[in-house]
Amino acid sequence: MTSRYQDVYPEGPEINSEDLGAIKASELLTLEFFQAAPAQMPHEIFSQHHILINLREEPTRVENWRGTVHRDFIFHKNEIIVTPAGLRSGWKWYERSKVIVITLEPSRFEKFAQWELGILLRSEQLQDIPQFIDEDITQSAIMLMDALESPLGSQVMFESYARIFLTKLIQKYGTQDLADLKFSQSFTAAHYKRVLDYIHKEFGNEVNIETMSSVAGLSTAHFSRSFKQTIGQSPHQFVMSYRIEQAKKMLADLEQPMIDVALSCGFSDQAHFSRAFKQLEGQNPKEFRVRYAS
């Protein structure tokens, strides 16, 4: 028996409510980290885009097959190899590897570029620059990996790091006005890390846009626009999302007084906390705690 009516309709829909809303960056990429002994990898054609980022300190000899092109070269730290979906790929490693491999689902990646960033991107463009050195993109990938390893585990932070990585990668390939590109690239992964580390540390205290701008080392206007453009939320919205996420973790301790949770997460009082919580979660903290306990 077919469970979905739309699966038996003779043609796909012209309008689909599932297409509404923002695309989560964290849901369209997969990150893996490898440290492997020298080996020959099989040649395969993959349905995903692959981004391989070299973290090895010492230069190493590798062979790479990319479509019909075979290359034998020295692979340097921060060097990045991009292989689009549908292109045959293979590797031979002569020394132990140390790489981050990020895979992207092509259609969602293109939608993210166009809908979230307003940048046109086609899979063919990824073939134009197969190999390059970019410390900024490497740093954003390391930040994403570190977020995965963090014992504190924040989904809000992971999503923001994923968006930073994708934005930096898309800026490398996308069709974008030169002035906008220079503006966007002036806010590096290192800037974002300083700001996000600051929010993580100080979310229980007053966090204002002037201080965040100062931490980033940018003007308030430049910081606000760059942050919203990349993270998808204004700085204020992001801080609020992070506070609510932390509050949900604290509410899991049923013995902790509600007012303590509110003050620990940077809210001025319990009423302010309840309003913000309901606005983002659709229920007040008390209702959330009751459902959690049930």
Side-chain angles (χ1 to χ4, degrees), residues 24-44 46-66 71 73-85 87 89-106 108-109 112-113 121 123 126-127 129-155 157-174 185 188-194 196-197 230-231:
K24 283 194 173 182
S26 55
E27 293 178 353
L28 64 89
L29 63 76
T30 300
L31 182 147
E32 297 166 292
F33 175 64
F34 296 96
Q35 295 191 84
Q40 171 85 48
M41 295 173 61
H43 296 202
E44 300 282 353
F46 298 99
S47 60
Q48 304 153 304
H49 303 317
H50 286 71
I51 297 93
L52 190 145
I53 302 166
N54 186 26
L55 301 185
R56 182 184 165 94
E57 292 289 342
E58 306 83 10
T60 180
R61 179 192 173 195
V62 298
E63 288 186 71
N64 173 238
W65 289 261
R66 191 175 182 274
R71 297 178 303 136
F73 62 97
I74 302 300
F75 204 17
H76 295 88
K77 185 181 180 182
N78 298 329
E79 203 152 15
I80 300 168
I81 304 288
V82 177
T83 306
L87 203 61
S89 173
W91 286 87
K92 183 174 182 179
W93 302 87
Y94 286 87
E95 297 180 76
R96 188 171 182 82
S97 63
K98 184 178 181 181
V99 296
I100 292 173
V101 178
I102 294 178
T103 56
L104 305 171
E105 197 285 310
R108 290 181 62 82
F109 180 52
F112 178 87
L121 185 68
S123 58
L126 301 181
Q127 299 182 33
I129 312 175
Q131 182 174 348
F132 56 91
I133 291 179
D134 192 311
E135 293 186 20
D136 198 18
I137 291 178
T138 299
Q139 181 60 43
S140 64
I142 292 172
M143 288 161 49
L144 184 58
M145 181 173 67
D146 289 346
L148 283 173
E149 294 182 310
S150 171
L152 299 177
S154 167
Q155 180 60 38
M157 285 294 188
F158 184 75
E159 170 67 17
S160 65
Y161 286 132
R163 289 185 67 100
I164 292 167
F165 174 81
L166 290 173
T167 300
K168 297 297 180 182
L169 181 69
I170 288 166
Q171 287 172 351
K172 186 77 178 180
Y173 290 96
Q185 290 180 333
T188 67
H191 285 119
Y192 284 108
K193 187 175 191 314
R194 289 202 298 268
L196 296 177
D197 283 349
T230 299
I231 302 300

Rounded to the nearest 0.5 angstrom, the CD1-CE distance for Ile102 and Met145 is 9.5 Å
With side-chain hydrogen bond (donor to acceptor under 3.5 Å, both in side chains) as the test, would you mind laying out the steps for Gln48 and Glu105 before giving the verdict?
CA-CA 5 Å; Gln48 304 153 304; Glu105 197 285 310; over 6 Å; no
Heavy-atom closest pair, residues Ser47 and Ala85
O-CB, 3.4 Å
Which atom names give the shortest non-hydrogen contact between Arg163 and Ala25, and what distance separates them?
CG-CB, 3.4 Å
Please assess Glu57 against Lys98 for the test salt bridge (charged side-chain N to carboxylate O under 4.0 Å, His left out), listing each intermediate value before the final yes or no.
CA-CA 9 Å; Glu57 292 289 342; Lys98 184 178 181 181; 6.0 Å; no
Closest contact, heavy atoms only, Gly90 versus Asn64
O-ND2, 3.2 Å
Measure the spacing between CG of Leu29 and NE2 of His49 and express it to the nearest 0.5 Å.
12.0 Å
For Gln127 and Pro84 the tightest heavy-atom approach is CG-CG, 3.4 Å
Side-chain donor-acceptor pair present, Ser140, Tyr161, cut-off under 3.5 Å
no
Restricting to side chain to side chain contact (heavy atoms under 4.5 Å, CB included), what partner residues turn up for Glu63, sequence neighbours left out?
Arg61, Trp65, His70, Asp72, Lys92, Tyr94
Rounded to the nearest 0.5 Å, what separation is found between the CG atom of Leu169 and the CG atom of Asp136?
11.5 Å
Minimum heavy-atom distance between Leu144 and Ala162, given as atom pair plus value:
CD1-N, 3.7 Å
Has the side chain of Gln131 got a donor or acceptor atom that lies under 3.5 Å from a matching backbone atom of Val82?
no
Decide yes or no for Phe75 and Leu52: does some side-chain heavy atom of the first lie under 4.5 Å from some side-chain heavy atom of the second?
yes
Evaluate the criterion side chain to side chain contact (heavy atoms under 4.5 Å, CB included) for residue pair Phe165 and Ile51; output intermediate values, then yes/no.
CA-CA 11 Å; Phe165 174 81; Ile51 297 93; 4.3 Å; yes
Flag side-chain contact, heavy atom, 4.5 Å: Gln35 against Arg56:
no
Answer whether the closest heavy-atom distance between the side chains of Leu148 and Phe33 falls below 4.5 Å.
no
By side chain to side chain contact (heavy atoms under 4.5 Å, CB included), which residues pair with Ala113, not counting sequence neighbours?
Leu121, Ile170
Six-ring centre of Phe132, Lys172 cation under 6.0 angstrom, axis tolerance 45°
yes
Would a 4.5 Å heavy-atom cut-off, applied to side chains only, mark Thr138 and Ile100 as touching?
no
Heavy atoms, side chains only, cut-off 4.5 Å: are Trp93 and Met41 in contact?
yes
Determine whether Thr83 and Leu126 satisfy the following criterion, side chain to side chain contact (heavy atoms under 4.5 Å, CB included), listing intermediate values before the conclusion.
CA-CA 7 Å; Thr83 306; Leu126 301 181; over 6 Å; no
Separation between CG (Leu166) and OG (Ser26), nearest 0.5 Å, reads 9.5 Å
Can you establish whether the number of heavy atoms outside Glu135 located under 6.0 Å from its atom CD is more than 12?
no
Any donor-acceptor pair under 3.5 Å linking the side chain of Tyr173 with the backbone of Ile129?
yes
Determine whether Gln139 and Lys193 make a side-chain contact, defined as any pair of heavy atoms from C-beta on separated by less than 4.5 Å.
yes
Can you confirm whether Glu58 sits close enough to Lys77 that some side-chain heavy atom of one is under 4.5 Å from a side-chain heavy atom of the other?
no
Distance (rounded to the nearest 0.5 Å) between Ile81 CD1 and Glu79 CD:
6.0 Å
What's the separation between atom CZ in Phe109 and atom CG in Leu28, rounded to the nearest 0.5 Å?
8.0 Å
Side chains of Ile80 and Asn54: closer than 4.5 Å at any heavy-atom pair?
no
